2 protein chains.
Amino acid sequence: MDVECTCSALRMAARRLSQAYDAALAPEKLSVSQYAVLSNLAKREAEGPPSMGELAERLGLDRTTLTHNLRPLARDGLVALVADPLDGRSRRVTLTPDGWAKRRRCQPLWRAAQDHFDRSFGTEPSRALRDSLAAIARHAEGTAAPVPEKD
Amino acid sequence: MDVECTCSALRMAARRLSQAYDAALAPEKLSVSQYAVLSNLAKREAEGPPSMGELAERLGLDRTTLTHNLRPLARDGLVALVADPLDGRSRRVTLTPDGWAKRRRCQPLWRAAQDHFDRSFGTEPSRALRDSLAAIARHAEGTAAPVPEKD
DNA sequence: TCGATAAGGGTGCATACACACCTAAAGGCG
DNA sequence: CGCCTTTAGGTGTGTATGCACCCTTATCGA
């Protein structure tokens, strides 16, 4: 694996690790991607239900990707989209009771996967890695589009 | 971005960085994922055309994912699948002349993206990151499936 | 030689992801 | 108030990804 492309290395690692986490969450038939949505909504419940745009921002997802990703979750009754009474354009995303229950059941499964990774990779290196990855996600934010430059 | 899930952090970083690399490759209408395929085939040409399974292994991809991913490349005439004369089951993947040309045109675009990343993240940290990611990809290899355990 | 098993691949399906483009509602201004 | 611009989202399309399941060809033992 003499991958010299950082992006490809990142994608490869993400694929592999996703498979491990997905396997851990398999008993609840939830993907790590879906777990991330439920978990984010749960952890930041105190701030009130986020709009689509806010949630997409938090998850580092394209706004339209979130629209697509929420479809199976809404179909299964884990999340619900409610119209904002103050802004007819905005739709706020909430966890349903089933969504809360699912998240509670999945958390130990996720924890097991995370612990398993930390044990083999090292807890401290793992934390450092997350920091690096967060920095990349934050920094590459505007890198893709070199500013439209209208006129 | 207080992501505590290593897998989600990895996926998020991969999404963002992919957007940056994709933007760099946009003039040639090639994704970084597709570039990785062409580049891998080109760099290891001396070993002779790999079978589907071998190439999937190299790329850290599921075998069936590679089947799907090769479709647009084959459609556009960048790669070709040739039957193995010694094994009727095996199909070997080769770069076509167009594939070679495309790879040559894309290389400087990829290089620019990689250099841009290295400048902001640091060349040495970048190399260390690739090593860590390669280790994760290699190690998480069998983690997902805990061995079938037949009977 | 033949039948069972293993190995190499492909298909169908569902989710994940983002871009181009569209719609509708909100805000601002004459 | 009516018009224009901005803003929040959705849709359609195409690639990316992997699992369950299927087919075909090798391989090997009786």
Side-chain angles (χ1 to χ4, degrees), chain A residues 7-8 10-12 14-23 25-26 29-37 50-57 59-76 81-93 144-145 148 150, chain B residues 7-8 10-23 25-26 29-37 50-57 59-76 81-93 140 144-145 148 150:
Chain A
C7 185
S8 295
L10 205 40
R11 292 175 64 93
M12 191 184 305
R15 284 195 296 267
R16 298 298 196 151
L17 200 57
S18 293
Q19 279 183 283
Y21 278 66
D22 281 350
L25 290 167
K29 302 201 191 311
L30 204 74
S31 68
V32 64
S33 171
Q34 296 174 324
Y35 177 76
V37 174
S51 67
M52 295 287 297
E54 287 165 355
L55 184 55
E57 176 79 14
L59 294 168
L61 275 175
D62 185 90
R63 184 181 52 73
T64 68
T65 298
L66 180 60
T67 297
H68 292 310
N69 289 3
L70 285 183
R71 205 165 289 274
L73 295 175
R75 179 201 59 202
D76 297 343
L81 297 177
V82 297
D84 187 318
L86 300 178
D87 189 332
R89 297 167 302 179
S90 181
R91 310 183 55 165
R92 303 204 166 263
V93 189
K150 49 177 51 182
Chain B
C7 185
S8 295
L10 206 38
R11 292 175 64 93
M12 191 185 304
R15 284 194 297 267
R16 297 297 196 155
L17 200 57
S18 293
Q19 279 182 284
Y21 278 66
D22 282 349
L25 290 167
K29 301 200 192 308
L30 203 73
S31 68
V32 65
S33 170
Q34 296 174 324
Y35 177 75
V37 174
S51 66
M52 294 290 295
E54 287 165 355
L55 184 56
E57 177 79 13
L59 295 168
L61 275 175
D62 184 271
R63 183 181 52 73
T64 68
T65 299
L66 179 60
T67 298
H68 293 311
N69 290 2
L70 286 183
R71 204 164 289 274
L73 294 175
R75 179 202 58 202
D76 296 344
L81 297 177
V82 298
D84 187 318
L86 300 178
D87 189 333
R89 298 168 301 179
S90 181
R91 309 184 56 165
R92 303 203 167 265
V93 190
K150 49 177 52 182

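Protein chains get the first letters and strands the later ones, always in sequence-line order, with residue 1 at the start of each. Quick caveat, the model's predicted, so the values are computed rather than measured.
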Starting the side chain at C-beta, find the nucleotide from dG10(C), dA16(D), dG10(D) nearest to Gln34(B).
dA16(D)

Could you pick out which residue, Arg92(A) or Pro72(B), lies toward the 5' side of DNA chain D when each is mapped onto its nearest nucleotide?
Arg92(A)

Separation of dA16(D) P from Asp22(B) CG (nearest whole Å)
9 Å

For Arg63(B) and dA20(D), is the shortest distance between a side-chain N/O and OP1 or OP2 below 4.0 Å?
no

Respond yes when some side-chain nitrogen or oxygen of Ser33(B) is under 4.0 Å from OP1 or OP2 of dT17(D), and no when none is.
yes

Given dT15(D), is OP1 or OP2 found less than 4.0 Å from the side-chain N or O atoms of Ser31(B)?
no

Using whole Å, report how far CG of Leu86(A) lies from C1' of dA8(D).
14 Å

Taking only side-chain N and O atoms of Thr65(B), does any of them lie within less than 4.0 angstrom of OP1 or OP2 on dA16(D)?
no

What distance separates Leu61(B) CG from Arg16(A) CZ, expressed to the nearest 0.5 Å?
8.5 Å

Just to confirm, is there a sub-4.0 Å distance from OP1 or OP2 of dT6(D) to any side-chain nitrogen or oxygen of Arg89(A)?
no

Begin from the C-alpha positions of Arg89(A) and Asp84(A) and carry the test side chain to side chain contact (heavy atoms under 4.5 Å, CB included) through to its verdict.
CA-CA 8 Å; Arg89(A) 297 167 302 179; Asp84(A) 187 318; over 6 Å; no

Does a side-chain N or O from Asn69(A) land closer than 4.0 Å to OP1 or OP2 of dC17(C), or not?
yes

When rounded to whole Å, the NE2 to P distance for the pair His68(A) and dT15(C) reads 13 Å

d(CG, Leu73(A); C1', dC17(C)) in whole Å
15 Å

How many angstroms lie between atom OG of Ser18(A) and atom CZ of Arg11(B), to the nearest 0.5 angstrom?
4.0 Å

Interatomic distance, Leu59(B) CG vs dA16(D) P [rounded to whole Å]
12 Å

For Ser33(A), which of Asn69(A), Thr65(A), Leu59(A) qualifies under side-chain contact (heavy atoms from CB on, under 4.5 Å)?
Asn69(A)

Within less than 4.0 Å of OP1 or OP2 of dC17(C), is there a side-chain N or O belonging to Arg11(B)?
yes

Please report, rounded to the nearest Å, how far the P atom of dT17(D) is from the CG atom of Leu66(B).
10 Å

Hey, is the side chain of Ser18(B) poking within less than 4.0 Å of OP1 or OP2 on dA18(C), counting only N and O atoms?
no

Does the side chain of Arg75(A) get closer than 4.0 angstrom to OP1 or OP2 of dT15(C) through an N or O atom?
yes

Considering just the side-chain nitrogens and oxygens of Ser51(B), establish if one lies under 4.0 Å of OP1 or OP2 belonging to dG9(C).
yes

Is there a side-chain contact between Thr64(A) and the phosphate of dG9(D), meaning an N or O under 4.0 Å from OP1 or OP2?
no

Nearest whole angstrom, please: distance from the C1' of dA14(C) to the CZ of Arg71(A).
14 Å

Please give, in whole Å, the distance from dA18(C) C1' to Leu17(B) CG?
15 Å

Closest-nucleotide 5' rank along DNA chain C - winner of Met52(B) and Asp76(A):
Met52(B)

Short N-O contact, Arg63(B) and Glu57(B), less than 4.0 angstrom:
no

Please tell me if Gln19(A) has a side-chain N or O lying less than 4.0 Å from either OP1 or OP2 of dC19(D).
yes

What's the spacing between Tyr35(A) OH and Leu25(A) CG if we round to 0.5 Å?
7.5 Å

Contact under 4.0 Å: Arg15(B) side-chain N or O vs dC17(C) OP1/OP2
yes

For the side chain of Asp87(B), counting heavy atoms from C-beta on, which of dG10(D), dT15(D), dT25(D) is nearest?
dT25(D)

